[in-house]
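Below is one structure, written out as structure tokens, with a few remarks after it.
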Amino acid sequence: MRRPVPLARLAGLRGSERGLRSDEAMARRERYGANQIAEAQPGAWLDLARDTARDPMIWLLVGTSVV
């Protein structure tokens with residue numbers, strides 16, 4: 001799904017073609033936070049299975065499959 005992004009948000013994000021200077025990177029890190037990827041916890045598949053079982057669309061599909 002694509003959503004339009006307001007140009008005001010993009011104004012401060014444009015850097016040079018070679019990347020950001022270290023002072024720019026530090027300023028953005030302070031403003032926006034560290035760029036870290038959240039890792040899934042070891043028991044995450046159980047949470048995924050529970051959330052999937054709670055999804056009404058799954059039950060609709062199961063019901064139509066039975067019919």
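Predicted model only: the values in this text are computed from it and were never measured.
- For the side chain to side chain contact (heavy atoms under 4.5 Å, CB included) test, no residue two or more places apart in sequence or in another chain qualifies with L46.
- Qualifying salt bridge (Lys or Arg N to Asp or Glu O under 4.0 Å) partners for D51, counting only residues two or more places apart in sequence or in other chains: none.
- Residues passing the side chain to side chain contact (heavy atoms under 4.5 Å, CB included) test with T52, sequence neighbours excluded: L48, I58.
- Clustering of Ile, Leu, Val, Met, Phe, Trp and Tyr side chains at separations under 4.5 Å places L61 together with M57, L60.
- Between the side chain of W59 and the backbone N or O of A53 there is at least one donor-acceptor pair closer than 3.5 Å.
- For N35, the side chain to side chain donor-acceptor pair (under 3.5 Å) criterion is met by no residue, not counting sequence neighbours.
- Partners of R50 according to the salt bridge (Lys or Arg N to Asp or Glu O under 4.0 Å) rule, which considers only residues two or more places apart in sequence or in another chain, are D47.
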